[in-house]
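A short write-up of the structure that comes next.
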Amino acid sequence: MKEHHVSSYAGAVEALRHPQMVQALYDAGAVIMHKTLLTLDGEEHRVRRLLENRVFRKEFLAYYEREVFPATLTATLAPYLKAGRMDLIDFGRRVTMNLTADFAGIDRPEGTAEETDVMFELVKIFSEGATLVHSKRVKTEVEAEVREALKVLDARFLQPSIRRRQELIARFARGEITEDDLPRDILTVLLRNEDRVELPPDVLLREMAFYLQAGSHSTSNSTTHALHEVFLWCEQHPADWQRVEQDRLFLQRCVHESLRLHPASPVAWRRPSCPFSMQSGDALTEKDRVVIDLSSANRDPAIFGADADEFNPSRAIPRGHFPFGLTFSSGVHTCLGRDLDGGVVSKPDTDPAKHQYGLISLLIGALLDAGVRPDPNEPPTPDIHTQRPNWGRYPVVFTR
Ligand code: HEM
């Protein structure tokens, strides 16, 4: 096997969008990723994605951002505000766990602290399983933990969630309730399965576990990176404290700039499904692996300018490119949670009152409203359990 590295922006886009490239990164995390949406290709991927994409329609995202999420955020934030301090990582994971469980369709009927803790541990284990390729731990140990965690997810959460939805779907079929009374989540869409997609129980279980982790750790890590960049920026540009607190379109630009510099998945891997040559002249065969370096592509001076390595929320972005670069990937596997988390990219005539900012900007906005600052007595520390450049602890205090 030959490994090809692609680090330019143009090369990364070509590889991500190439019809003859198939997913390869998650072979190591098969214990949780096998046959989940992200690992599928061709027709099988297309039909499952079309089905699941129903949950991410524009009007629902706007409704979720305005009506549902603020309540979840306020409830999760309240005890931390009362304490006057918190670890940003812990807080971020708790909020995003609830968010992704809502989207996946995993009920937490008890609403107890014990139930939240169990779910929290499950998501942590699934996340480690999905990114096994970058784990510093013994792989078989992580796999065994994932298998156990899948059993708990199935018995305690998934089966009751399925039963509740099946009853509602049956009532809808009998005309007793309307479509609006059905839960708006991936599990409901998959159980209704209007497109007759093949989905045995073990695949459904892994798909739910995949969703729980796909949205959760990426969102919380990205939130911490973005707030860290905001802190650094405002230390160097003190006049901008007021701007990040009051101009939410500017705050969203800060979030997009941070997403560009700190992609949650620093690389994407692909494998050619047949021999072909890239535009660079690189000849590939089915036995090769193509490592697409999203981090480097996002810092390519050809697109983002000579200061591409620096955080600059006023950076001019050339037409046809996203300010967050390839952080949400490109092509058929483009992240389904992109608009949910990143929001819509603003234009000069965007109305701030009607804009969809994305959940990361909303989260950071709420923390800034409470006067969040780095804890002066406890500096942040990196996560030592992964090769990915994430924070392990990030203590903050509230000054309001
Ligand atoms: C900052 C947050 C996030 C980042 C940076 C991110 C990043 C990514 C990336 C890079 C991929 C594609 C990987 C590849 O091409 O190999 C992906 C796929 C995916 N993401 Fe996200 N993600 C985030 C949040 C979310 C959320 C909140 C959800 C769901 C609620 C989600 C659901 C998905 C799904 C379902 C896919 C698979 C799409 C497909 O294969 O067709 N993501 N994400």
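Position 1 is the first residue of the sequence, and the numbers go up from there. We count ligands from 1, going down the list as the structure has it; atoms in each ligand are counted the same way.
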- prompt: Under the 6.0 Å and 45° cation-pi test, does Arg248 pair with Tyr357?
  reply: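 No, Arg248 does not sit over the ring of Tyr357.
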query: With a cut-off of under 6.0 Å to the ring centre and 45° to the axis, is Arg260 in cation-pi contact with Phe324?
result: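 Here Arg260 fails the 6.0 Å and 45° test against Phe324.
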As an exercise, identify every atom of ligand 1 less than 4.0 angstrom from a heavy atom of [X].
X	value
His333	12 (C), 15 (O), 18 (C), 38 (C), 39 (C), 40 (O), 41 (O)
Arg49	38 (C), 39 (C), 41 (O)
Val332	41 (O)
Ser222	1 (C)
Tyr211	35 (C)
Arg270	14 (C), 15 (O), 16 (O)
Ala264	5 (C)
Thr327	5 (C), 7 (C), 10 (C)

Do we see a donor-acceptor contact under 3.5 Å between the side chains of [X] and [Y]?
X	Y	value
Asp375	Tyr394	no
Arg17	Ser330	yes
Asp240	Trp233	yes
Thr399	Arg373	no

field: Heavy-atom gap His45 to ligand 1 smaller than 4.0 Å
entry: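 Contact present.
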query: Of His4, Glu14, Arg270, which is the lone residue that meets side-chain contact (heavy atoms from CB on, under 4.5 Å) with Ile292?
result: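 The single option meeting the side-chain contact (heavy atoms from CB on, under 4.5 Å) with Ile292 is Arg270.
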- prompt: How many angstroms lie between CZ in Arg184 and CZ in Arg57, if you round to the nearest 0.5 Å?
  reply: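 Going from the CZ atom of Arg184 to the CZ atom of Arg57 covers 6.5 Å.
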- request: Under 4.0 Å, heavy atoms only, figure out whether ligand 1 is touched by the backbone of Asp341, its side chain, both or neither.
  value: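 Side chain only.
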- prompt: Any idea which part of Arg338 is under 4.0 Å from ligand 1, heavy-atom wise: side chain, backbone, both or neither?
  reply: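 Arg338 to ligand 1: no contact under 4.0 Å from either part.
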- request: For the pair His5 and Glu3, evaluate side-chain hydrogen bond (donor to acceptor under 3.5 Å, both in side chains) and give the outcome as yes or no after the intermediate values.
  value: CA-CA 7 Å; His5 280 258; Glu3 198 169 89; 3.1 Å; yes
query: Within the structure, does Ser265 bring an N/O atom to less than 3.5 angstrom of an N/O atom in ligand 1?
result: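 So ligand 1 has no N or O lying under 3.5 Å from an N or O of Ser265.
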- prompt: Within the structure, does Thr100 bring an N/O atom to less than 3.5 angstrom of an N/O atom in ligand 1?
  reply: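 Between Thr100 and ligand 1 (N or O atoms, distance only) the closest approach is not under 3.5 Å.
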